[in-house]
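Hydrogens, waters and symmetry mates play no part in the numbers below; they use all other heavy atoms, side chains included. Throughout, protein chains are lettered first and strands after them, A, B, ... in sequence-line order, and every chain is numbered starting at 1.
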Protein chains: 2
Amino acid sequence: MGATKTEEFTLADITVAKYAKALGHPARIAILRILLERTSCICGDIVEELPLSQSTVSQHLKELKEAGLIKGDIEGKKVCYCIDAQAWQEAQQLLQIIFGKYKPCDTSCC
Amino acid sequence: MGATKTEEFTLADITVAKYAKALGHPARIAILRILLERTSCICGDIVEELPLSQSTVSQHLKELKEAGLIKGDIEGKKVCYCIDAQAWQEAQQLLQIIFGKYKPCDTSCC
DNA sequence: TTTTATTATCGTAAAATTACGATTAAAAGT
DNA sequence: ACTTTTAATCGTAATTTTACGATAATAAAA
């Protein structure tokens, strides 16, 4: 027990959940905001902007990378992070589809 | 250690993260899909549609409720679940804003 | 009133997450 | 070569999540 029953769900649900989970921490939202702010992506100064230690930020970056939402290329001494355009679009679309499915309830109970 | 440093982030980031976290499990996505499928909201048969035990489903429902995304009203013997329109819209908007911020990178590194 | 159906909660266990300091690795600068 | 800078990884600890069976709690049905 304790581990998610991944195999039992549809690929679509697993994929959306994966992206949503990556977005499910304020530190990672903050990191993404920093990356979204700039058109260039030399960003070795993410740590300074967050109230967390270097190792913790690195861990959050790793999770965003593992979810596919960001990429990190070594650029000399620093690492160059940026949003992964494809994954970003996929996440946006998948979530948009789900959110768009809502139609107001016609029964009196809610 | 182990607990999220909630106070140190902006309310916006905490709020989006809260919604995203609630969406961050395939079972909860599946539950939301079931609720989104119908215009009425008498839904006591969520358990049958999922590969999880009754207590586990109940726990997932609780988390969706605590995040604000769904409501549950007692309707006789059963409980009537449905999407919370306001929270749903807020979550959609907050995520949409973040996703919309992306502009392709103009440097060569990614 | 007793039974049945439905959902929540409790207790428990395994696993994952969050966080930090310390260490390592790699590249650049001296 | 040595030092410095930058980021990842390791080791560790607390907390949270995921999951289940068993047990309440509540309301309808018999």
Side-chain angles (χ1 to χ4, degrees), chain A residues 1-9 13-14 17-31 34-35 41-67 70-82 109-110, chain B residues 1-9 13-14 17-31 34-35 41-67 70-82 109-110:
Chain A
M1 292 136 207
T4 299
K5 281 193 166 182
T6 337
E7 322 76 30
E8 316 253 17
F9 300 96
D13 286 358
I14 293 166
K18 179 193 70 178
Y19 288 132
K21 195 180 184 185
L23 296 170
H25 194 287
R28 292 195 287 270
I29 296 289
I31 289 171
I34 293 169
L35 295 182
C41 62
I42 294 102
C43 0
D45 33 74
I46 298 168
V47 180
E48 275 101 79
E49 303 206 34
L50 294 175
L52 297 168
S53 76
Q54 184 265 320
S55 58
T56 304
V57 173
S58 190
Q59 224 172 267
H60 282 300
L61 286 166
K62 193 185 176 189
E63 272 166 77
L64 286 169
K65 245 189 286 179
E66 276 169 0
I70 67 169
K71 289 188 294 185
D73 288 336
I74 298 155
E75 187 87 358
K77 207 190 283 195
K78 299 198 174 185
V79 175
C80 167
Y81 288 108
C82 56
C109 63
C110 52
Chain B
M1 293 139 208
T4 300
K5 279 192 162 181
T6 337
E7 322 75 28
E8 315 252 18
F9 299 97
D13 287 358
I14 292 165
K18 180 193 69 179
Y19 287 132
K21 195 180 183 183
L23 296 170
H25 194 288
R28 293 196 288 271
I29 296 288
I31 289 170
I34 293 168
L35 295 182
C41 61
I42 293 103
C43 359
D45 34 73
I46 298 169
V47 181
E48 276 100 81
E49 304 207 33
L50 294 176
L52 297 169
S53 75
Q54 183 264 320
S55 57
T56 304
V57 173
S58 191
Q59 224 174 265
H60 282 301
L61 286 165
K62 194 185 175 189
E63 271 166 77
L64 286 169
K65 244 189 287 177
E66 275 168 358
I70 66 169
K71 289 189 294 183
D73 288 336
I74 298 155
E75 188 85 356
K77 208 191 280 195
K78 298 199 175 187
V79 173
C80 167
Y81 287 108
C82 56
C109 63
C110 53

- line: The side chain to side chain donor-acceptor pair (under 3.5 Å) partners of A/Glu8 (sequence neighbours excluded) come to none
task: Please report, rounded to the nearest Å, how far the C1' atom of D/dT17 is from the CG atom of B/Leu52.
output: 13 Å
message: Judged by each residue's nearest nucleotide on DNA chain C, which is more toward the 5′ side, A/Pro51 or A/Thr4?
response: A/Thr4
query: End-to-end bend of the helix from C/dT1-D/dA30 to C/dT30-D/dA1 (five-pair axes, 10° rounding)?
result: 10°
- prompt: Near DNA chain C, under 4.0 Å by heavy atom, which residues of residues 19-30 of chain A?
  reply: A/Lys21, A/His25, A/Arg28
task: Assign each of A/Lys5 and A/Lys77 to its nearest nucleotide of DNA chain D by heavy atoms, then name whichever residue's nucleotide is nearer the 5' end.
output: A/Lys77
- line: Considering only heavy side-chain atoms of B/Lys78, the closest of D/dT16, D/dA7, C/dT7 is C/dT7
statement: Value for SG (B/Cys80) from CD1 (B/Ile74), rounded to nearest 0.5 Å, stands at 11.0 Å
field: Integer-rounded Å distance: C/dT18 P and B/Glu8 CD
entry: 16 Å
- prompt: Which part of the nucleic acid does B/Ile74 contact within heavy-atom distance under 4.0 Å: base, sugar-phosphate only, or nothing?
  reply: nothing
Only pairs under 3.5 Å count here: list side-chain donor-acceptor contacts from residues 19-26 of chain B, not counting sequence neighbours, and write none if there are none.
from, atom 1, to, atom 2, distance (Å)
B/Tyr19, OH, B/Glu90, OE1, 2.6
B/His25, ND1, B/Ala27, N, 3.0
B/His25, NE2, A/Thr4, OG1, 3.3

Could you tabulate the donor-acceptor pairs under 3.5 Å formed by side-chain atoms of residues 54-62 of chain A, not counting sequence neighbours?
from, atom 1, to, atom 2, distance (Å)
A/Ser55, OG, A/Ser53, OG, 3.3
A/Thr56, OG1, A/Ser53, OG, 3.0
A/His60, ND1, A/Arg28, NH1, 3.0

query: Do the side chains of A/Ile29 and B/Phe9 get nearer than 4.5 Å, heavy atoms only?
result: no
message: I'd like to know whether B/Val79 forms a side chain to side chain contact (heavy atoms under 4.5 Å, CB included) with B/Asp73, so could you lay out the CA-CA distance, the side-chain angles of the two residues, the decisive distance to 0.1 Å, and finally the verdict.
response: CA-CA 6 Å; B/Val79 173; B/Asp73 288 336; over 6 Å; no
field: Whole-Å distance separating the CD atom of A/Glu75 from the C1' atom of C/dA28
entry: 14 Å
- prompt: Does a nitrogen or oxygen in the side chain of A/Lys65 sit under 4.0 Å from OP1 or OP2 of D/dA8?
  reply: yes
statement: dist A/Glu48:CD -> A/Ile34:CD1 (nearest 0.5 Å) comes out at 10.0 Å
- request: List in chain and number order the residues that pass side-chain contact (heavy atoms from CB on, under 4.5 Å) with A/Lys65, two or more places apart in sequence or in another chain; answer none if no residue qualifies.
  value: A/Ile70, A/Tyr81
- prompt: What distance separates B/Leu52 CG from B/Ile31 CD1, expressed to the nearest 0.5 Å?
  reply: 8.0 Å
query: Reckon A/Tyr81 has a side-chain N or O less than 4.0 Å from the OP1 or OP2 of D/dA8?
result: yes
- line: Between CG of B/Asp45 and C1' of C/dT6 the distance, given in whole Å, is 12 Å
- request: Nearest whole angstrom, please: distance from the P of C/dA26 to the CG of A/Asp73.
  value: 17 Å
field: DNA chain C-proximal residues of residues 54-63 of chain A, any heavy atom under 4.0 Å
entry: A/Ser55, A/Thr56, A/Gln59, A/His60, A/Glu63
field: Atom pair NZ (B/Lys5) and CG (A/Leu50), whose distance is rounded to the nearest 0.5 Å
entry: 10.5 Å
